[in-house]
Undergrad: 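I am attaching a structure below and will ask some questions about it afterwards.
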Amino acid sequence: MTAETTQWTLSGFGDEISPDPVVQIAVLQALGARHIEVRSAWGTNIVDLSEADLARLDTILRDSGMGVSAIASPIGKVDVTEPVAVEVARLKRAIRAAQVLGTRYIRIFSFYRSRGATPESIRDAVMVHMRALAHEAEKSGVILLHENEKDIFGDIPDRVLDIVQSVNSPALRLAWDAANFVQVGIKPFTEGYAKLRPYLEYLQVKDARMDDQRVTPAGEGDGEVQQTINALRDDGFQGFASLEPHLADTHQLGGFSGPVAFGVAGRAFDRILLEAGVGTK
């Protein structure tokens, strides 16, 4: 596949723009996106939305011509000592949201550890939890996307690879977050791409600086974003690229940017795609 014919599907975390889905949609569409990644709406996390609110959100999205790229769930962002049944129950709510909103992807994490515990000491418990989540996903026909993030077990490439290979489920794939790798001292492309590419199915688009861990628009940090995009283009990647800028203070539901900063992030990513000869749809 040549660069000229390569097109990826642009999406973005709507609640980084505004709590209001109508505003989220307007900004994303202004950036050329026709898909949205749903983490929360009206200030409520996706796994906590009522059936009525899920239906209301679905109507708004459909009326606007917006598809849903993924459910950005908080599953796995708890201590690994929490009962696995609790996270499986929350995953069921995320699966319900995915079914209502018409997506097969659900973003998850691989659990925190208590102070003083080492990653090695929680590995077996993490695998038990992740297998349980993957089993639930298999039953429902959805795909879990593990996002690498600091302070969880799967924060560096070797442990991310350990998870996906040990669980060994068609329902568990990887979301790639360059900024999160930088924040744990990893050069993403240099140290992680070759290992993880066989399982990589989704991009979270943000960057960060190695010296102070500050998040930046794509291409303005040390996340080797241009190299990664070029390699994905050459590999024939055809998935979603989801803007997650984190350019303002975080709030209780996660990172936030606001409409203006979100636009800055979108245009920065456009420049990287232009350099790579990749279009969006």
Side-chain angles (χ1 to χ4, degrees), residues 11-17 19 21 24 35-51 53-55 57-58 61 66-80 82-112 126 129-155 160 163-164 167 169 171-177 180 199 201-206 239-240 242-244 246 250-256:
S11 185
F13 279 64
D15 67 351
E16 284 224 7
I17 297 165
Q24 297 174 14
H35 286 77
I36 186 170
E37 184 161 349
V38 183
R39 183 173 56 189
S40 69
W42 306 293
T44 299
N45 192 281
I46 185 65
V47 299
D48 297 320
L49 285 179
S50 66
E51 282 290 322
D53 279 338
L54 277 176
L57 178 58
D58 182 52
L61 292 169
M66 289 293 277
V68 174
S69 61
I71 301 300
S73 88
I75 307 303
K77 263 196 169 182
V78 298
D79 194 282
V80 74
E82 291 290 321
V84 65
V86 174
E87 287 305 89
V88 170
R90 290 211 300 168
L91 177 59
K92 288 179 179 178
R93 295 201 294 273
I95 290 170
R96 176 59 184 161
Q99 292 168 339
V100 172
L101 300 179
T103 180
R104 63 178 183 152
Y105 289 126
I106 299 174
R107 185 273 308 265
I108 65 166
F109 301 91
S110 55
F111 299 93
Y112 296 127
V126 166
H129 282 56
M130 296 298 289
R131 287 188 185 106
L133 296 175
H135 178 66
E136 192 63 39
E138 287 171 13
K139 291 193 299 181
S140 301
V142 299
I143 295 175
L144 306 180
L145 298 169
H146 174 274
E147 180 180 339
N148 57 285
E149 179 157 303
K150 62 184 177 182
D151 300 326
I152 63 172
F153 178 81
D155 57 350
V160 174
I163 290 168
V164 71
V167 174
S169 168
L172 178 63
R173 302 287 286 174
L174 302 180
W176 175 275
D177 192 307
N180 290 351
Y199 310 98
E201 198 152 325
Y202 196 98
L203 292 180
Q204 307 286 29
V205 181
K206 64 179 186 288
F240 288 103
S242 182
L243 298 167
E244 188 190 11
H246 281 21
T250 58
H251 53 63
Q252 71 274 16
L253 294 166
F256 188 72

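When reading the values below, keep in mind they use all heavy atoms of this one structure, side chains included, and skip hydrogens, waters and symmetry mates.
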Undergrad: Arg90: what forms a salt bridge (Lys or Arg N to Asp or Glu O under 4.0 Å) with it, not counting sequence neighbours?
TA: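 Residues passing salt bridge (Lys or Arg N to Asp or Glu O under 4.0 Å) with Arg90: Glu87.
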
Undergrad: Asp151: which residues meet the salt bridge (Lys or Arg N to Asp or Glu O under 4.0 Å) condition with it, sequence neighbours left out?
TA: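 Here no residue qualifies.
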
Undergrad: Can a donor-acceptor pair be found, under 3.5 Å and without considering hydrogens, that links the side chain of Ser110 to the backbone of Gly154?
TA: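 A pair under 3.5 Å: yes.
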
Undergrad: Are Lys206 and Glu16 close enough that some pair of their side-chain heavy atoms sits under 4.5 Å apart?
TA: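 Not in contact.
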
Undergrad: Does any N or O in the side chain of Arg107 come within less than 3.5 Å of the main-chain N or O of Ser73, such that one atom is a donor and the other an acceptor?
TA: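 Yes, Arg107 side chain to Ser73 backbone: donor-acceptor pair under 3.5 Å.
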
Undergrad: Within the side chain of Ser169, is there an N or O that forms a donor-acceptor pair under 3.5 Å with the backbone of Ala171?
TA: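 Checking the backbone N and O of Ala171 against the side chain of Ser169, a donor-acceptor pair under 3.5 Å is found.
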
Undergrad: So which pairs with a foot in residues 91-102 pass side-chain hydrogen bond (donor to acceptor under 3.5 Å, both in side chains), sequence neighbours left out?
TA: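 Every pair satisfying side-chain hydrogen bond (donor to acceptor under 3.5 Å, both in side chains) with a residue in residues 91-102: Glu51-Arg96.
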
Undergrad: For the residue pair Leu133 and Val88, establish whether any side-chain heavy-atom pair is separated by less than 4.5 Å.
TA: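 Yes; the side chains approach each other to less than 4.5 Å.
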
Undergrad: Do Pro21 and Leu61 make a side-chain contact, defined as non-hydrogen atoms from C-beta onward lying under 4.5 Å apart?
TA: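 Answer no - side chains too far apart.
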
Undergrad: Nearest 0.5 angstrom please: Lys77 NZ to Glu149 CD, how far?
TA: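 Interatomic distance, Lys77 NZ to Glu149 CD, rounded to 0.5 Å: 4.0 Å.
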
Undergrad: For the CZ atom of Arg131 and the NE2 atom of His135, what is their distance to the nearest 0.5 Å?
TA: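 Arg131 atom CZ to His135 atom NE2 measures 13.0 Å (nearest 0.5 Å).
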
Undergrad: Does Asn148 offer a backbone N or O that forms a donor-acceptor pair with the side chain of Asp177 under 3.5 Å?
TA: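 Judged by distance alone, no pair lies under 3.5 Å.
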
Undergrad: Using the rule given for side chain to side chain contact (heavy atoms under 4.5 Å, CB included), can you reason through Ile152 versus Phe111, listing the C-alpha separation, both sets of side-chain angles and the distance that settles it, and then say yes or no?
TA: CA-CA 5 Å; Ile152 63 172; Phe111 299 93; 5.9 Å; no

Undergrad: Would you say that Thr44 contacts Asp53 through its side chain, given a criterion of any heavy-atom pair below 4.5 Å between the two side chains?
TA: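 Thr44 vs Asp53: side chains apart.
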
Undergrad: Identify, with sequence neighbours excluded, every residue that meets side-chain contact (heavy atoms from CB on, under 4.5 Å) alongside Ala89.
TA: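 For Ala89 there are no side-chain contact (heavy atoms from CB on, under 4.5 Å) partners, ignoring immediate neighbours.
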
Undergrad: What's the spacing between Phe13 CZ and Ser40 OG if we round to 0.5 Å?
TA: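 So the CZ of Phe13 and the OG of Ser40 are separated by 10.5 Å.
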
Undergrad: State which residue, out of Ile163, Leu145, Val160, fulfils the side-chain contact (heavy atoms from CB on, under 4.5 Å) condition with Leu174.
TA: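 In the set Ile163, Leu145, Val160, the residue that makes a side-chain contact (heavy atoms from CB on, under 4.5 Å) with Leu174 is Val160.
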
Undergrad: With rounding to the nearest 0.5 angstrom, report the CG to CG distance, Leu57 to Leu54.
TA: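 Going from the CG atom of Leu57 to the CG atom of Leu54 covers 7.0 Å.
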
Undergrad: Would you check if Ile108 and Leu172 make a side-chain contact, meaning some heavy-atom pair closer than 4.5 Å?
TA: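 A side-chain contact exists here, since the closest heavy-atom pair is under 4.5 Å.
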
Undergrad: Ring pair (Phe, Tyr, Trp, His ring centres under 6.0 Å) with Tyr105: which residues, sequence neighbours excluded?
TA: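 Per chain and number, Tyr105 pairs via ring pair (Phe, Tyr, Trp, His ring centres under 6.0 Å) with Tyr202.
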
Undergrad: Using ring pair (Phe, Tyr, Trp, His ring centres under 6.0 Å) as the criterion, list what pairs up with His146, not counting sequence neighbours.
TA: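 By the ring pair (Phe, Tyr, Trp, His ring centres under 6.0 Å) rule, His146 matches no residue at all.
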
Undergrad: Ignoring hydrogens and geometry, is there a side-chain-to-backbone donor-acceptor pair from Thr103 to Ser69 under 3.5 Å?
TA: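 Yes, the answer is positive, given that a donor and an acceptor are paired below the 3.5 Å cut-off.
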
Undergrad: Verify, without hydrogens or angle tests, whether His129 (side chain) and Val80 (backbone) share a donor-acceptor contact under 3.5 angstrom.
TA: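 Side chain of His129 to backbone of Val80: a pair is present.
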
Undergrad: Which value, rounded to the nearest 0.5 Å, describes the distance between Leu144 atom CG and Ile95 atom CD1?
TA: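 Atom-to-atom, Leu144:CG and Ile95:CD1 are 7.0 Å apart.
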
Undergrad: Which distance, rounded to the nearest 0.5 Å, do you find between the CG of Asp15 and the CD of Glu37?
TA: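 Nearest 0.5 Å value for the CG-CD distance: 9.5 Å.
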
